[in-house]
Amino acid sequence: MRLDYDFYRRDVVVVAEELLGMNLVRILDGKRLVCRIVETEAYRGPEDKGCHAYGNRRTKRTEAMFHPGGCAYIYLIYGMHYMLNIVAAEADQPQAVLIRAGEPLEGVEEMQRLRGLKTNDQRQLLNGPGKLCQALAITMAFNGYDLVTGEELFVERPQTLPDYPIARAKRINIDYAEEYKDKLWRFYLAGNPNVSRS
DNA sequence: CACAGGATCCACT
DNA sequence: GTGGATCCTGTGA
């Protein structure tokens, strides 16, 4: 079952936690690339100093975060890596969930090809937000993409959710966010070998 | 127009 | 554990 607008249009912290265990599906040239979401972070503008939309900063770049929940927000970081975020909450509330890591389920060979790694270690395919985008061929073309109606990228609830306890932690690499850098807005499946950091 | 810096990754040690 | 790659965005002149 594909997740609907009602799922996404809630508080971003709730959405971030509940996205754990869901299946992220990318249809690339008819091929199914599927992974289980194992690590997320919530960014909760306008009050969150770690969020690009802090203070309701609304620019061409952050525009998608102001859209109603259920679409993608993509941006480029360090000049080379794309980040996949899923927009949450209602329109004009700039909240988004960063998808930080996944567990490969289908289309592993294609993911390996897209990653172009030397190793065959499957844990290294999706254990970081930039890696995940590279393995699923997600680029700026998906910025603003509707994940509820789209054919090439969406999220499904699996028949049975995986049996891992959920861990909460501080978000990664936002040292500048002052009192918001210590918020426990990072969620991951504890013990899953595909998380970027435990 | 120029510039500083970032929600990262990989190879190598 | 370290350093380099690499480029877009926001800001201020």
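A note on names: the letters A, B, ... follow the listed sequences, proteins ahead of strands, and every chain is numbered from 1. This is a predicted model, so every value here is computed, not measured. All values below come from the heavy atoms of this structure, side chains included, with hydrogens, waters and symmetry mates left out.
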Fill in: Phe187(A) backbone acceptor or donor facing Glu17(A) side chain under 3.5 Å
no

Applying a strict under-4.5 Å side-chain criterion to I, L, V, M, F, W and Y, I'd like to know whether Leu76(A) and Leu136(A) cluster together. yes

| task | Using a heavy-atom cut-off of under 4.0 Å over every strand shown, decide if Leu76(A) touches base, sugar-phosphate, or nothing. | result | sugar-phosphate

* Asked: Between dA7(B) and Tyr176(A), is there an OP1 or OP2 to side-chain N/O distance shorter than 4.0 Å?
  -> yes

Query raised in the report: Does Asn85(A) use its side chain to pair, donor to acceptor, with the backbone of Tyr73(A) at less than 3.5 Å?
Result: yes

| message | Does the Lys NZ or Arg CZ of Arg61(A) fall within the cation-pi geometry relative to Tyr75(A) - under 6.0 Å from the ring centre and within 45° of the axis? | response | yes

To the nearest angstrom, the CG-C1' distance between Asp175(A) and dT8(B) comes to 14 Å

### Task
Validate the cation-pi geometry between Arg171(A) and Tyr43(A): distance from NZ or CZ to the six-membered ring centre under 6.0 Å, angle to the ring axis within 45°.
yes

Please determine, by modelled atom types, if Tyr188(A) and Asn194(A) share a side-chain donor-acceptor pair under 3.5 angstrom. no

When rounded to whole Å, the CD1 to C1' distance for the pair Ile77(A) and dG6(B) reads 4 Å

| message | Does Met1(A) form a side-chain contact (heavy atoms from CB on, under 4.5 Å) with Glu156(A)? I'd like the steps, not just the answer. | response | CA-CA 5 Å; Met1(A) 270 283 288; Glu156(A) 289 179 339; over 6 Å; no

Residues pairing under side chain to side chain donor-acceptor pair (under 3.5 Å) where one sits in residues 86-97 of chain A, two or more places apart or in two chains, turn out to be Arg58(A)-Asp92(A)

Could you write out each protein N or O paired with an N or O of nucleotides 9-13 of chain B at a distance under 3.5 Å?
residue : atom : partner   : partner atom : Å
dC9(B)  : OP1  : Gly128(A) : O            : 3.4
dC9(B)  : OP1  : Pro129(A) : N            : 3.2
dC9(B)  : OP1  : Gly130(A) : N            : 2.8
dC9(B)  : OP1  : Lys131(A) : N            : 3.0
dC9(B)  : O4'  : His81(A)  : NE2          : 3.0
dC10(B) : OP1  : Arg115(A) : NH1          : 2.4
dC10(B) : OP1  : Arg115(A) : NH2          : 2.7
dC10(B) : OP2  : Arg115(A) : NH2          : 3.4
dC10(B) : OP2  : Lys131(A) : NZ           : 3.4

Across all chains, not counting sequence neighbours, the side chain to side chain donor-acceptor pair (under 3.5 Å) partners of Arg57(A) are none

Item to complete: Begin with the C-alpha distance, continue with both residues' side-chain angles, and end with the deciding distance and a verdict on side-chain contact (heavy atoms from CB on, under 4.5 Å) for Thr40(A) and Leu20(A).
Response: CA-CA 7 Å; Thr40(A) 61; Leu20(A) 290 179; 4.1 Å; yes

Rounded to whole Å, OH of Tyr75(A) lies from P of dA7(B) at a distance of 6 Å

Next on the checklist: Quick check on dA7(B): is either OP1 or OP2 less than 4.0 Å from any side-chain nitrogen or oxygen of Asn85(A)?
Outcome noted: no

Note: chain A reaches DNA chain C at heavy-atom distances under 4.0 Å over the stretch, first to last nt, 5' to 3', of dA5(C) to dT11(C)

For Leu153(A) and Tyr145(A), the nearest pair of non-hydrogen atoms, with its separation, is O-CE2, 3.4 Å

Ordered by number, residues from residues 47-66 of chain A within less than 4.0 Å of DNA chain B (heavy atoms) are Gly50(A), His52(A)

Practice problem: Ignoring hydrogens and angles, tell me if any N or O in the side chain of Arg9(A) forms a donor-acceptor pair with the backbone of Gly69(A) under 3.5 Å. | Solution: yes

side-chain hydrogen bond (donor to acceptor under 3.5 Å, both in side chains) with Arg115(A): of Glu110(A), Gln134(A), Gln124(A), only one passes, and it is Gln134(A)

Taking Watson-Crick and G-U wobble contacts under 3.5 angstrom, with | marking pairs to another strand and [ ] crossing pairs, the secondary structure of DNA chain C is written |||||.||||||.

